[in-house]
Amino acid sequence: MLAVFAARAGISLAYDPALVLDKVSPGLNGTHAVADALVRLLSGTGLEAVAKAEGGYALRPQASAPSAQRPLQAADVQAAAVGARDDALLMEMIVFPPPDGAAVQGFAAVSSSSATRTSMPLSQIPQSVQVVTQEALASQQSQSVLDALHDVSGVNIYNLGVDTTVYIRGFLAPTRINGLEQGASRIDNASSPLHTPLAAIDRIEVIKGADSIVANGDMEPGGLVNIITKRPQAEPVRELTVEAGTQGHQRYAFDLAGALSDDQAWTHRVIISGSRDSDAIDRYDSARDVYFAPSLGYRRDGTVAVAGINYQRNQQANGGLGPIGVVDDGLLSTSVGASYDVQQKMGSSWGWQSKGNYMRTRLSSRSYNCVQSDAAGAGLRDCQTQALESSAYGWNLENSVHGTFHSGQVKHTVLAGVALSYSWRAVPMAEIGPPMMATLSRSSLPEVPATNLTPFGPAVTLNYNNWFLQDQLSWRRWRFLVNLGYTRAWSHATDPQTEEVTSLHPQSKPVYNIGLSYQLNDHVTLYANRQKSFVLQAQPSGIRYGGGPPGLYNLPPTDGKSLEAGVKLNFLDERLILTTSVFRASHANVLYGFAYDADGNLYTGLLPPTISRGTEFDLAGSPLPGWNLVASYSYTDFSYAQPAGFVVEPSLIARHQASFWSSYDLQTPAWRGWGYGVGATARTGYPSNSGDHIGGQVSLDGNLRYAARRWSLTLGARNLLNRRLYGSFANLQQGIGFEPGRVFVLTGRYNF
């Protein structure tokens with residue numbers, strides 16, 4: 001209760017944990033001055049709040065109990081602050097509210113800035129937003145962003161090393177870092193934010209719906225993932241994490257943070273992380289990652305600024321793997337980037353924000369492309385060596401102004417801004433060797449040559465400008481959100497071999513989002529929304545579209561729409577939060593298929609709408625002291641559009657998916673420090689794109705942990721029953737999508 005209040009009030013609060021052990025607050029509701037609110041929160045606990053000379057408050061035992069004839073008032077706290085300042089209290093816990101205003105209680109987050117770009121309580125956002133907190137990541141021993149998303153309803157993972165994507169409600173979902181693209185990831189999947197190590201992540205927010213405005217450009221109508229990274233802070237952090245598991249998993253991480261000046265205006269943070277997985281995906285055995293990210297923060301007089309650089313070098317699988325797939329040495333990606341975020345208050349009600357990033361990536365791939373051959377022996381395959389090198393860079397900027405004002409009894413929270421994005425990729429260079437016969441053992445495969453690289457594919461540039469205007473209107477128990485966006489995009493590609501130029505001439509697309517919520521009482525909120533999205537399309541010259549002559553065509557943008565209605569409930573003073581929703585999402589005007597006429601011209605057409613319907617359920621929080629819980633369920637009725645005369649791949653999305661994770665820290669003094677966690681994931685079957693049926697499955701997980709003051713150990717087991725499991729988008733013939741068997745992981749943390 002104290003931690004949430006401090007975060008919402010924007011104050012620091014220090015106290016000895018022994019003072020509050022086994023004490024219960026009566027809670028707080030309504031609008032109060034800070035001093036009065038502290039009195040109410042501490043009523044009946046025998047504690048009082050004392051203002052600190054350097055700012056903020058500290059707790060101490062009451063000098064004398066208040067008179068029974070006179071209730072304790074805010075003046076008592078103010079008088080105590082004037083009469084005495086106890087600077088000798090043990091500063092065991094200091095709460096510094098983060099700049100984006102997010103407040104977290106264990107597995108439950110009570111606010112978010114991703115959906116509206118302004119800090120807003122989740123209960124008031126007329127949209128389904130799920131947050132995977134840092135506490136949940138640690139409790140479940142998550143090993144990647146993809147791993148962390150398994151407990152969010154409606155999410156499916158396509159995981160093949162570099163070729164890794166997230167699907168929400170059946171549609172491909174973009175991923176952002178702190179609300180922005182990461183470098184050249186529109187062109188280069190190897191620099192996708194999905195490869196961000198967990199050591200750098202504060203929380204992950206999943207925003208459901210067709211929100212091209214938040215995405216700063218094109219997206220399909222399911223939703224998006226926003227990764228919030230750790231920031232510099234004054235509260236000291238000195239944490240070492242060491243993790244090891246079966247199947248060759250290793251991870252090491254340092255997290256160092258603290259104040260650089262006595263007034264805590266200057267702060268810093270340094271993240272260092274490294275990992276290796278010798279059996280990451282089926283037969284692949286060389287996944288490695290190194291990450292280094294120092295950052296500097298400044299906070300004073302309404303100014304909050306953060307600037308940092310990051311370096312990442314990772315090697316991942318190149319594509320489909322397995323008995324009849326590709327055995328390869330993977331793709332090596334080396335990225336260097338920088339980012340900044342500046343927020344400035346202008347008076348009590350207005351402010352502006354500017355943020356941006358830059359990333360340059362170099363790729364180097366060495367692989368073997370092996371396919372089964374009917375003419376070969378039982379153990380032989382037709383193989384070719386493949387070498388590829390390329391480089392890309394990109395930058396993203398977002399500038400906005402925000403403020404509040406009143407028109408009668410209606411409060412307006414307005415936001416206006418522009419986001420700019422630029423991505424560039426040089427001409428890729430490749431060398432493909434002659435066919436040969438080989439087994440899948442590495443001893444039978446030669447070294448991959450890379451001495452005669454030649455141009456392979458075009459050089460590409462992409463530009464996006466996104467203008468947005470937003471108003472959040474509040475009147476009594478009603479909240480109305482309206483968002484208008486206007487995106488302009490253009491691109492240019494040049495093929496070095498044919499000198500053919502493919503350009504997307506400047507196209508523009510207006511979109512809008514509207515949402516309405518009504519707070520029935522302090523615990524129940526009803527909401528509904530309608531959102532739109534789009535994807536810009538272009539094809540090379542030589543095609544015919546709409547009966548026109550052959551040539552370069554900028555096809556109409558796809559049209560994404562989503563409708564959603566739901567209920568948000570919070571219990572136990574927002575310690576337990578439930579969101580349940582129904583939705584309908586559609587994606588229309590998507591390009592499909594080609595056919596040739598007698599003159600060799602290409603014809604193409606547009607798909608009818610692909611529609612996804614369903615319902616979702618997400619629960620997160622702390623029902624009792626020591627007990628944390630997260631659970632989800634989704635029913636998704638999704639299938640690709642089926643145009644006449646064309647065969648479209650089947651839906652690879654299971655209709656029913658469910659998961660839960662529950663952890664408990666023992667509360668009795670004799671067992672204090674011990675805890676355990678149990679969880680399960682389940683789904684029904686689905687048809688694969690190879691014609692096989694992937695059956696339903698259930699996976700059970702668990703761990704046991706012990707936490708002392710400075711260190712902790714967690715021993716976890718995944719797939720406890722050692723079942724044969726398949727991920728989403730599995731293909732039995734190619735051996736793609738196989739999940740690991742039983743895996744044990746030991747995680748140790750030490751705070752020095």
Side-chain angles (χ1 to χ4, degrees), residues 137-138 140-150 157-166 189-201 227 240-254 271-292 311-323 325-335 363-368 440 442 681 699 701 703 714-720 722 724-730 735-749:
L137 295 173
Q140 299 185 70
Q141 294 178 284
S142 298
Q143 297 175 13
S144 67
V145 174
L146 302 179
D147 202 13
L149 294 174
H150 279 296
I157 307 298
Y158 181 82
N159 183 14
L160 287 178
V162 171
D163 190 12
T164 296
T165 49
V166 174
N189 202 27
S191 62
S192 167
L194 293 172
H195 302 311
T196 305
L198 290 183
I201 296 175
I227 299 171
L240 167 66
T241 300
V242 179
E243 185 173 86
T246 54
Q247 299 191 3
H249 171 69
Q250 301 173 32
R251 182 167 70 95
Y252 311 91
F254 285 95
I271 305 291
I272 303 174
S273 175
S275 66
R276 175 172 181 172
D277 289 272
S278 62
D279 194 11
I281 303 175
D282 298 320
R283 300 169 60 91
Y284 182 69
D285 66 357
S286 55
R288 300 178 179 88
D289 181 86
V290 175
Y291 181 87
F292 173 63
Y311 168 87
Q312 186 170 11
R313 181 182 175 90
N314 66 60
Q315 181 166 302
Q316 303 208 22
N318 240 343
L321 309 172
V326 178
V327 176
D328 65 26
D329 288 333
L331 184 146
L332 179 64
S333 170
T334 304
S335 300
L363 306 178
S364 176
S365 172
R366 303 291 183 265
S367 63
Y368 307 98
L440 292 184
R442 292 185 178 277
T681 58
S699 176
D701 307 322
N703 64 32
T714 304
L715 176 62
R718 301 192 173 195
N719 191 7
L720 276 168
N722 200 26
R724 183 58 161 166
L725 303 177
Y726 306 91
S728 302
F729 310 96
I736 296 174
F738 294 174
E739 297 288 333
R742 184 186 297 115
V743 177
F744 293 96
V745 178
L746 180 64
T747 305
R749 288 185 172 87

Rounded to the nearest 0.5 Å, how far apart are [atom1] of [X] and [atom2] of [Y]?
X	Y	atom1	atom2	result
L332	S365	CG	OG	9.5 Å
L137	Q140	CG	CD	8.0 Å
I271	F254	CD1	CZ	11.5 Å
H150	S728	NE2	OG	8.0 Å
N703	Q141	CG	CD	5.0 Å
L240	I272	CG	CD1	10.5 Å

I'd like to know if the side chain of [X] and the backbone of [Y] have a donor-acceptor N/O pair within less than 3.5 Å.
X	Y	value
N722	R742	yes
D277	R288	no
Q312	H195	yes
S142	D147	no

For [X] and [Y], which heavy atoms make the closest approach, and how far apart are they?
X	Y	result
T747	R749	CG2-NH1, 3.6 Å
P193	V145	O-CG2, 4.4 Å
S699	N719	OG-CA, 3.7 Å
D701	R718	OD1-CA, 3.3 Å
S144	L198	N-CD1, 3.4 Å

### Query
Pick from S273, S275, S335: which one makes a side chain to side chain contact (heavy atoms under 4.5 Å, CB included) with Y291?
S273
### Task
Could you walk me through whether F729 and I157 pass the side-chain contact (heavy atoms from CB on, under 4.5 Å) test, one step at a time?
CA-CA 8 Å; F729 310 96; I157 307 298; over 6 Å; no
